[in-house]
Amino acid sequence: MWWEREVIDSARLVLSKKSGISLFLFLIVGVALTTAQPPLFREVSVATGLVFQHFNGASGRQYFPEIMGAGLALLDYDNDGDLDVYLLQGAALDSQKSLFPLPKTQKPGNRLFRNELIPSGKLRFVDVTEKSGLGFVGYGMGAATGDFDNDGFVDLYLTNFGPNALFHNNGNGTFTEMTKQANVDDPRWSTSAAFLDYDQDGDLDLFVCNYVDFTVAGNKPCLSPSGERDYCGPQQYRGLPDRLFRNDGGGEFADVTSSSGITAAYGPGLGVTCADFNGDGRVDIYVANDGAANLLWLNQGNGKFAEEGLLAGAAYSMEGVPRAGMGVTAGDFDNDGDEDLLVTNLTKEGSTLYRNNGQGLFNDASLEFNLSQPSFMSTGFGVAWFDYDNDGWLDLFAANGAVTIMPSLRGQPFPFHQRNQLFHNEAGKTMQEIQPTNTPALQLSEVSRAAAFGDVDNDGDVDIVVANNNGLARLLLNENKTANHWLQLKLVGKSDNRQALGAKVIVQAKGQPPLHRRVHTDGSYLSANDPRVHFGLGSATAIENVIVAWPNGTRENFPNVKLDALNVVSQGTGASRK
């Protein structure tokens with residue numbers, strides 16, 4: 001670069017004076033120029049064929065659903081070993097002309113993009129929506145993935161403003177819609193959903209978040225502080241109960257919402273994640289509510305749940321008030337062996353970090369880990385703990401975008417855009433926000449909603465797909481090249497729970513403390529994630545053991561896994577362990 005040459009020439013001129021100070025300055029300049037870092041993430045959606053424009057149907061009436069979507073799923077629907085992308089689409093909510101019409105080159109409805117990495121060796125996407133039968137047309141919100149019939153092919157559940165939809169994977173590249181037969185519909189406004197085996201019977205059940213009782217006919221006029229027409233918040237409507245469907249086999253589910261106790265508490269539900277938070281061996285459910293207490297449903301082991309969010313310290317902020325919970329992620333960010341929670345909230349609230357003490361009791365550690373101030377002016381949605389630099393510590397990404405007019409953007413056609421944020425985990429001591437100086441992908445200011453996480457290009461690090469409201473979908477490829485080692489595991493159950501959702505994995509690398517992760521596709525916001533388990537291992541040069549606690553309670557050792565590789569781990573092939 002021309003400016004680099006000028007700086008070097010100037011430094012050489014100073015060096016000719018042969019002073020010690022001049023030499024020091026020259027060395028500093030040289031180091032600064034030679035250690036320039038490559039971008040941490042590179043945005044490649046259009047370059048790889050992942051071209052999708054979200055349509056929110058906005059006509060100027062400020063219908064609430066317009067500002068809340070949209071969602072996406074990362075899934076290997078064709079079992080070829082790479083992640084495909086499914087993107088949900090909005091629709092018009094009235095007969096008025098849309099302010100932001102869909103491009104004529106794009107068809108209405110959701111779209112499925114097949115990843116051609118395998119067998120071509122090149123990352124590129126092809127739209128296979130029509131062939132697959134997944135061109136669902138509705139007001140799309142979110143997606144959940146799971147192999148509910150244990151046939152070895154991942155199925156897809158879609159939430160909507162309006163009736164939901166369950167699609168069965170036929171195993172030949174096509175899907176069949178079977179919502180009514182399976183008894184898993186909900187005609188209300190559903191948001192995030194999750195597959196889980198809460199009763200440990202070997203098949204996947206389904207939890208569905210519901211938001212508020214908004215209807216187009218009952219749309220309420222809301223105003224910004226300066227008097228403009230703006231979107232309402234959830235407080236203008238009533239929250240709706242969530243739903244729990246038990247898988248009874250044969251492609252049929254039973255609505256056990258009431259009998260399980262899930263109706264005992266509810267709020268405007270937006271995010272959900274499922275994990276064993278209190279270490280009793282049973283999967284629990286955590287729901288992020290928008291403007292109401294978050295809910296922690298502890299699994300009692302008898303088909304029932306008890307809501308313990310308040311007693312566990314995970315319902316409110318440290319000030320004892322509810323926040324506008326949007327997205328949620330669970331993971332062991334401090335490497336102490338339990339699942340900690342992070343909930344994204346509204347602008348001027350900041351994200352909330354709930355640190356687990358190992359027994360299912362939490363404290364608000366947002367200030368302690370330096371997350372309150374950096375997230376204070378952001379409205380967060382999609383979010384995840386993930387180790388982007390493979391150093392063995394879970395970092396954090398948050399997809400941001402306002403829901404009411406940003407004063408600084410007043411007068412713009414769509415005044416809601418914000419910049420997404422990446423935080424680096426400083427060895428469990430604090431979270432440091434990464435400034436986007438040399439990473440254009442982190443400089444984008446858009447209205448981001450769902451974020452899904454997985455190794456899209458199979459190169460050993462975690463990538464991010466972001467769905468933007470009234471904007472293009474984004475694929476952020478992880479370009480963080482370090483000498484750190486890594487390990488990926490694809491778990492395969494014997495015949496029950498073939499995806500092993502809910503399984504816990506412990507990796508013991510030589511000379512390092514054990515790392516704990518779980519198999520899941522849930523979390524974030526309106527998203528379904530890569531079920532493969534990813535471990536960053538830092539400088540570790542050997543793996544001594546991998547321990548898998550399978551969802552049915554059995555445990556196995558797998559000592560012979562390969563470093564810096566994807567390993568397929570099948571139930572029943574390891575050494576049994578008590």
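Reckoned from all heavy atoms, side chains included, excluding hydrogens, waters and symmetry mates.
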Problem - Partner of Leu537 under side chain to side chain contact (heavy atoms under 4.5 Å, CB included), chosen from Ile543, Asp387, Asn484 - result: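 Single side chain to side chain contact (heavy atoms under 4.5 Å, CB included) partner of Leu537 among Ile543, Asp387, Asn484: Ile543.
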Handout entry: side chain to side chain contact (heavy atoms under 4.5 Å, CB included), paired with Phe535, selected from Val507, Val546, Ile506, Asn390
Key =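 The option that passes is Val507.
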Main chain of [Y], side chain of [X]: is a donor-acceptor contact present, judged purely on distance under 3.5 Å?
X: Asn299; Y: Arg282; result: no
X: Thr439; Y: Leu40; result: yes
X: Ser524; Y: Val383; result: yes
X: Gln62; Y: Asp230; result: no
X: Asn400; Y: Ser378; result: no
X: Thr159; Y: Thr191; result: yes
X: Asp455; Y: Asn458; result: yes
X: Asn567; Y: Ala565; result: yes
X: Glu308; Y: Leu310; result: no
X: Asn425; Y: Met431; result: no

Problem - side-chain hydrogen bond (donor to acceptor under 3.5 Å, both in side chains) partner of Glu446, the single match among Asn468, Asn469, Asn470 - result: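 That would be Asn468; it is the only one of Asn468, Asn469, Asn470 passing the side-chain hydrogen bond (donor to acceptor under 3.5 Å, both in side chains) with Glu446.
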Within the 4.5 Å heavy-atom criterion, are [X] and [Y] side-chain neighbours or not?
X: Ile262; Y: Phe305; answer: yes
X: Phe41; Y: Asn478; answer: yes
X: Thr379; Y: Asn345; answer: no
X: Leu298; Y: Asn278; answer: yes
X: Val283; Y: Asp197; answer: no
X: Phe125; Y: Asp84; answer: no
X: Leu396; Y: Leu342; answer: yes
X: Val272; Y: Ile285; answer: yes

Exercise for the section: May I have the step-by-step check of side chain to side chain contact (heavy atoms under 4.5 Å, CB included) for Leu196 and Asp522, ending in yes or no? Expected result: CA-CA 9 Å; Leu196 71 158; Asp522 61 19; 5.8 Å; no
[Y] versus [X], side-chain donor and acceptor atoms under 3.5 Å:
X: Glu43; Y: Ser45; result: yes
X: Thr344; Y: Ser351; result: no
X: His424; Y: Glu433; result: no
X: Asp564; Y: His485; result: yes
X: Tyr286; Y: Asn294; result: yes

May I ask you to decide whether [X] forms a salt bridge with [Y], counting only side-chain N to carboxylate O separations under 4.0 Å?
X: Glu544; Y: Lys510; answer: no
X: Glu228; Y: Arg410; answer: yes
X: Lys504; Y: Asp276; answer: yes

Handout entry: Criterion salt bridge (charged side-chain N to carboxylate O under 4.0 Å, His left out) against Arg355, the qualifying member of Asp334, Asp340, Asp338, Asp364
Key =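 Exactly one candidate clears the test, Asp334.
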Exercise for the section: Could you tell me if the ring centre of Phe397 sits under 6.0 Å from that of Phe423? Expected result: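 No, too far apart.
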Problem - Test of ring centre spacing under 6.0 Å for Phe207 and Tyr198 - result: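 So the answer is no for these two rings.
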Quick one: closest heavy-atom pair of [X] and [Y], and the distance?
X: Gly536; Y: Leu515; result: O-CD1, 3.4 Å
X: Leu341; Y: Thr273; result: CD2-CG2, 3.9 Å
X: Leu409; Y: Pro415; result: O-CB, 3.3 Å

Practice task
May I have the step-by-step check of side chain to side chain donor-acceptor pair (under 3.5 Å) for Tyr354 and Asn363, ending in yes or no?
Solution key: CA-CA 5 Å; Tyr354 295 105; Asn363 70 291; over 6 Å; no
Practice task
Take Asn529 and Thr521, measure what side chain to side chain donor-acceptor pair (under 3.5 Å) needs, and give me the verdict at the end.
Solution key: CA-CA 4 Å; Asn529 302 284; Thr521 59; over 6 Å; no
Practice task
On the 0 to 90° scale, with breaks at 30° and 60°, tag the Trp189-Phe64 ring pair as parallel, tilted or perpendicular.
Solution key: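 Taking Phe64 first and then Trp189, their aromatic rings stand perpendicular (interplane angle over 60°).
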Handout entry: Plane angle bin for Trp486 and His534 - parallel if under 30°, tilted between 30 and 60°, otherwise perpendicular
Key =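 Judged by the thresholds at 30° and 60°, the geometry between His534 and Trp486 is parallel.
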Practice task
Any chance you could lay out the salt bridge (Lys or Arg N to Asp or Glu O under 4.0 Å) test for Arg449 and Glu66, step after step, and finish with the verdict?
Solution key: CA-CA 12 Å; Arg449 293 294 181 252; Glu66 294 170 356; over 6 Å; no
Practice task
Check the pair Asp389, Lys481 against salt bridge (Lys or Arg N to Asp or Glu O under 4.0 Å), reporting the backbone distance first and the verdict last.
Solution key: CA-CA 8 Å; Asp389 58 352; Lys481 305 305 179 185; over 6 Å; no
Handout entry: Phe453 and its ring pair (Phe, Tyr, Trp, His ring centres under 6.0 Å) partner, picked from Trp385, Phe386, Tyr388
Key =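 For Phe453, the ring pair (Phe, Tyr, Trp, His ring centres under 6.0 Å) test succeeds with only one of Trp385, Phe386, Tyr388, which is Phe386.
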Problem - Stepwise side chain to side chain contact (heavy atoms under 4.5 Å, CB included) test for Cys209 and Val287 - result: CA-CA 8 Å; Cys209 291; Val287 178; 4.0 Å; yes
Practice task
Begin with the C-alpha distance, continue with both residues' side-chain angles, and end with the deciding distance and a verdict on side chain to side chain contact (heavy atoms under 4.5 Å, CB included) for Ile547 and Val505.
Solution key: CA-CA 6 Å; Ile547 302 169; Val505 184; over 6 Å; no
Practice task
Quick one: do Gln236 and Cys222 satisfy side chain to side chain contact (heavy atoms under 4.5 Å, CB included)? Show the steps, please.
Solution key: CA-CA 9 Å; Gln236 300 296 324; Cys222 290; 3.8 Å; yes
Practice task
Step through the shown structure and confirm whether more than 12 heavy atoms of other residues, nucleotides or ligands are within 6.0 Å of CZ on Phe416.
Solution key: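 Atom CZ in Phe416 is crowded, with more than 12 foreign heavy atoms closer than 6.0 Å.
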Show me the side-chain donor-acceptor pairs of residues 315-328 shorter than 3.5 Å, one per line, residues at least two apart or across chains.
{"unit_1": "Ser317", "atom_1": "OG", "unit_2": "Glu319", "atom_2": "N", "d": "3.3"}
{"unit_1": "Ser317", "atom_1": "OG", "unit_2": "Glu319", "atom_2": "OE1", "d": "2.7"}
{"unit_1": "Ser317", "atom_1": "OG", "unit_2": "Val321", "atom_2": "O", "d": "3.3"}
{"unit_1": "Glu319", "atom_1": "OE1", "unit_2": "Arg323", "atom_2": "NH2", "d": "3.2"}
{"unit_1": "Arg323", "atom_1": "NH1", "unit_2": "Thr352", "atom_2": "OG1", "d": "2.9"}

